[in-house]
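Only a predicted model underlies this, so the values are computations on that prediction, with no experimental measurement involved.
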Amino acid sequence: MNLKTKIKMAPQNNELEMFTFDQIKDEFIGEIGTEKRIQYEQELQLVVVGEMIRKVRLERKMTQTDLGKLIGVQRAQISKLENNTTNVTMETILKVFGALKAKVNFNVELMNTKIQSAG
């Protein structure tokens, strides 16, 4: 990410020191690959999924009750999905976006992993 945040005053010349968002996450959450950072990133992704469900539902002019009926759950379950207050399965995510007539794409990236072929 190329976001920069000004967070610290340098005492010598009163200039602000710049840090990237990744540097801030490394410092306060943990470096990439640490358990705390992995958990943070996974929770953040679930928040994004919940926001996408809400956005698409509203674009389709549907209530939470309408969407719930389409996939066979109560309105409260849709609210929990949108507000990231429940564990969600891939099956549920696919059902929800299918009911919303939205295409879902997943991107899988292997980080710090070397893949060797047998042979």
Side-chain angles (χ1 to χ4, degrees):
M1 239 184 213
N2 198 13
L3 294 176
K4 293 195 177 202
T5 306
K6 300 173 184 181
I7 63 171
K8 186 173 146 184
M9 187 72 82
Q12 303 90 333
N13 55 12
N14 290 336
E15 288 185 19
L16 296 178
E17 189 173 347
M18 304 291 277
F19 296 91
T20 66
F21 188 53
D22 284 335
Q23 288 172 318
I24 294 169
K25 288 190 293 184
D26 288 348
E27 176 72 22
F28 294 100
I29 298 165
E31 293 186 9
I32 292 174
T34 62
E35 188 62 33
K36 192 173 178 183
R37 180 73 170 262
I38 290 169
Q39 182 179 353
Y40 165 80
E41 298 289 347
Q42 289 172 342
E43 289 173 5
L44 182 59
Q45 290 168 354
L46 290 176
V47 168
V48 171
V49 168
E51 286 297 318
M52 288 303 300
I53 290 170
R54 176 178 315 184
K55 180 180 178 184
V56 174
R57 176 180 60 78
L58 292 173
E59 284 180 10
R60 300 284 190 246
K61 300 193 183 333
M62 297 175 73
T63 65
Q64 290 177 339
T65 301
D66 296 335
L67 180 55
K69 286 179 183 176
L70 285 175
I71 64 168
V73 300
Q74 299 292 316
R75 183 208 60 81
Q77 183 65 23
I78 300 301
S79 176
K80 288 178 181 179
L81 289 172
E82 289 181 355
N83 293 297
N84 192 32
T85 58
T86 186
N87 289 332
V88 62
T89 64
M90 292 295 273
E91 180 182 7
T92 301
I93 291 171
L94 293 174
K95 277 184 186 178
V96 167
F97 283 114
L100 292 168
K101 295 181 173 50
K103 185 177 177 182
V104 177
N105 292 308
F106 292 98
N107 184 27
V108 177
E109 294 180 25
L110 299 176
M111 300 182 309
N112 299 326
T113 303
K114 291 183 182 178
I115 300 175
Q116 299 177 351
S117 61

Asks: Say you draw a straight line from CD of E31 to CD of Q23; how long is it, rounded to the nearest 0.5 Å?
Replies: 11.0 Å

Asks: Rounded to the nearest 0.5 Å, what separation is found between the CG atom of D26 and the OG1 atom of T20?
Replies: 7.5 Å

Asks: Is V96 reachable from V48 through a run of I, L, V, M, F, W or Y residues, each pair having side-chain heavy atoms under 4.5 Å apart?
Replies: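 Result: yes, single cluster for both.
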
Asks: What are the two closest heavy atoms between Y40 and K25, and how far apart are they?
Replies: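 In terms of heavy atoms, the two residues are closest at CE2-CD, 3.7 Å.
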
Asks: How many angstroms lie between CD1 in I78 and OG1 in T63, if you round to the nearest 0.5 Å?
Replies: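 Between atom CD1 of I78 and atom OG1 of T63 there are 9.5 Å.
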
Asks: Under the rule for side-chain hydrogen bond (donor to acceptor under 3.5 Å, both in side chains), what residues qualify as partners of Q64, not counting sequence neighbours?
Replies: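 Counting only residues at least two positions away or on another chain, Q64 forms a side-chain hydrogen bond (donor to acceptor under 3.5 Å, both in side chains) with R75, E82.
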
Asks: According to a 4.5 Å side-chain heavy-atom criterion applied to Ile, Leu, Val, Met, Phe, Trp and Tyr, with indirect links allowed, do F21 and I29 form part of one hydrophobic cluster?
Replies: yes

Asks: Looking at CG of L67 and CZ of F97, how far apart are the two atoms once the value is rounded to the nearest 0.5 Å?
Replies: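 Separation between the atoms: 9.5 Å.
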
Asks: Can you get from I53 to V47 by hopping between Ile, Leu, Val, Met, Phe, Trp and Tyr side chains that sit under 4.5 Å apart?
Replies: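 Different clusters: I53 never reaches V47 through Ile, Leu, Val, Met, Phe, Trp or Tyr contacts under 4.5 Å.
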
Asks: Would you mind reporting whether Q42 and L46 have side-chain heavy atoms less than 4.5 Å apart?
Replies: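 When only atoms from C-beta onward are counted, Q42 and L46 do not touch, as no gap falls below 4.5 Å.
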
Asks: What pairs with Q45 under side-chain hydrogen bond (donor to acceptor under 3.5 Å, both in side chains), at least two apart in sequence or on another chain?
Replies: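 Partners of Q45 under the side-chain hydrogen bond (donor to acceptor under 3.5 Å, both in side chains) test: none.
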
Asks: Shared ILVMFWY cluster between I38 and V49, side chains joined below 4.5 angstrom?
Replies: no

Asks: Enter the distance from E59:CD to K101:NZ here, rounded to the nearest 0.5 Å.
Replies: 15.0 Å

Asks: Is the backbone of G30 close enough, under 3.5 Å, to the side chain of R37 for a donor and an acceptor to pair up by distance?
Replies: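 Present.
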
Asks: Which atom pair, heavy atoms only, marks the closest approach of R54 to N83?
Replies: NH2-OD1, 2.9 Å

Asks: Say you draw a straight line from CE of M52 to CG of L100; how long is it, rounded to the nearest 0.5 Å?
Replies: 10.0 Å

Asks: Side chains of L70 and M62: closer than 4.5 Å at any heavy-atom pair?
Replies: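 With C-beta onward as the side chain, the pair touches.
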
Asks: Got more than 12 heavy atoms from elsewhere within 6.0 Å of CD, E51?
Replies: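 Correct, the count exceeds 12.
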
Asks: Assigning hydrophobic clusters by single linkage (Ile, Leu, Val, Met, Phe, Trp, Tyr; side-chain heavy-atom cutoff under 4.5 Å), is V73 placed with M90?
Replies: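 Looking at the clustering, M90 is in the same group as V73.
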
